[in-house]
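Just so you know, ligand 1 is whichever comes first in the structure, and atom 1 is the first atom listed for that ligand. What you see is a predicted model, and the numbers here were worked out from it, not measured in a lab.
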Amino acid sequence: FNTFHWHLTEDQGWRIEIKKYPELTEVGAYRKETLIGHGGKKPFKYDGKPYGGFYTQDEIKEVVKYASARHITIIPEIEMPGHSLAALASYPQLACTPGPFEVATRWGVFEDIYCTKEETFEFLENVLLEVMDLFPSKYIHIGGDEAPKARWKECKTCQGVIKREGLKDEHELQSYFIQRMEKFLNSHDREIIGWDEILEGGLAPNATVMSWRGTEGGIAAAMQNHDAIMTPWSHCYFDHYQTNPETEPLAIGGLTTLEKVYSYNPIPDTLTRRQSKHILGAQGNVWTEYMTNSDYVEYMILPRMAALSEVNWTYKSNKDWESFKPRVQQHFLMYQRMGYNYCDHPY
Ligand code: ACM
Ligand code: ZN
């Protein structure tokens with residue numbers, strides 16, 4: 001791995017200091033409480049404990065420097081237009097409805113997203129100017145996933161933009177949103193990455209697609225001569241359980257075993273040789289809803305991260321699970337020596 005994709009903003013918290021917009025961290029970095037357990041059954045139960053925090057710009061510079069000294073590039077992600085409740089709690093005027101909004105206290109997808117009004121673009125551009133000052137990476141991730149269109153359908157301003165721009169529907173409005181942000185970032189010599197929903201309503205001209213709902217988004221991008229990063233939910237989500245959920249610490253769900261990760265082939269068979277050059281690699285995703293400390297993060301990524309590393313650098317016909325098993329045991333010795341908390345029973 002040579003890249004760290006840092007997801008810095010969410011419904012449940014805004015985690016990066018932006019000097020121009022202090023409320024993002026004064027308000028948006030904190031939630032009043034957190035859902036207990038999975039919340040499958042209503043009414044939801046909450047812990048009643050305020051939770052939050054953020055990275056100052058000085059701290060971020062330190063992390064970027066630490067990574068760079070180890071040849072790791074950090075790609076920051078600022079989510080838009082969805083997963084933005086923490087920002088809307090801080091600046092409700094950026095939403096389609098008057099609010100007020102609260103930083104989310106449970107997980108999932110929320111209908112309140114950024115409005116497509118000019119004020120939103122001005123805000124996001126100012127945020128990205130500060131982000132670009134902190135992160136020298138060629139790429140900036142702009143999110144783009146899971147943005148429900150309910151508010152845009154009812155909003156006079158958003159419907160006005162659809163009319164003004166001659167767009168067909170709210171999906172094309174999302175595409176307009178992303179393309180505007182792309183133009184802005186391109187004008188600062190940066191390129192965008194977005195989750196695979198940015199394909200809907202038409203791909204921005206220079207965008208790289210991060211394929212998460214499956215491999216289809218990555219395939220579609222490569223076929224349109226766009227770059228793609230593969231991180232399908234089925235093989236690359238390290239927030240899933242890695243062995244029997246009944247005996248594991250609480251996780252969000254799913255079951256993605258070490259063997260399953262190892263079985264992944266990032267280059268889809270359906271692509272031609274030329275198209276497959278657009279697949280830049282595969283990413284492991286670590287969403288930390290249920291990981292409240294770094295020990296737990298280590299447990300969830302080790303050793304699955306080792307499996308995905310080998311997947312990334314090994315031609316598929318050379319991969320061999322039976323040979324990987326004893327070799328990963330050698331890594332366990334190294335993890336022990338380095339004091340890492342890892343899953344010692346992954347098969
Ligand atoms: C995602 O997992 N919503 C990208
Ligand atoms: Zn609106």
N-O pairing of Glu102 and Lys32 below 4.0 Å: yes
Over-ring placement of Arg180 relative to Phe184, 6.0 Å and 45° cut-offs: no
Shell of residues surrounding ligand 1, defined by a 4.0 angstrom heavy-atom cut-off that is strict: Asp145, Glu146, Trp195, Trp212, Tyr237, Trp287
Ring geometry between Tyr290 and His38 (parallel below 30°, tilted from 30 to 60°, perpendicular above 60°): perpendicular
Aromatic plane relationship, Trp195 with His5 - under 30° parallel, 30 to 60° tilted, over 60° perpendicular: tilted
Option passing side-chain contact (heavy atoms from CB on, under 4.5 Å) with Thr208 (candidates Leu203, Ile198, Leu280): Leu280
Salt-bridge contact Lys316-Asp269 (side-chain N to carboxylate O under 4.0 Å): yes
Metal-centred angle, SG of Cys115 through the Zn ion (ligand 2) to SG of Cys96, rounded to 10 degrees: 110°
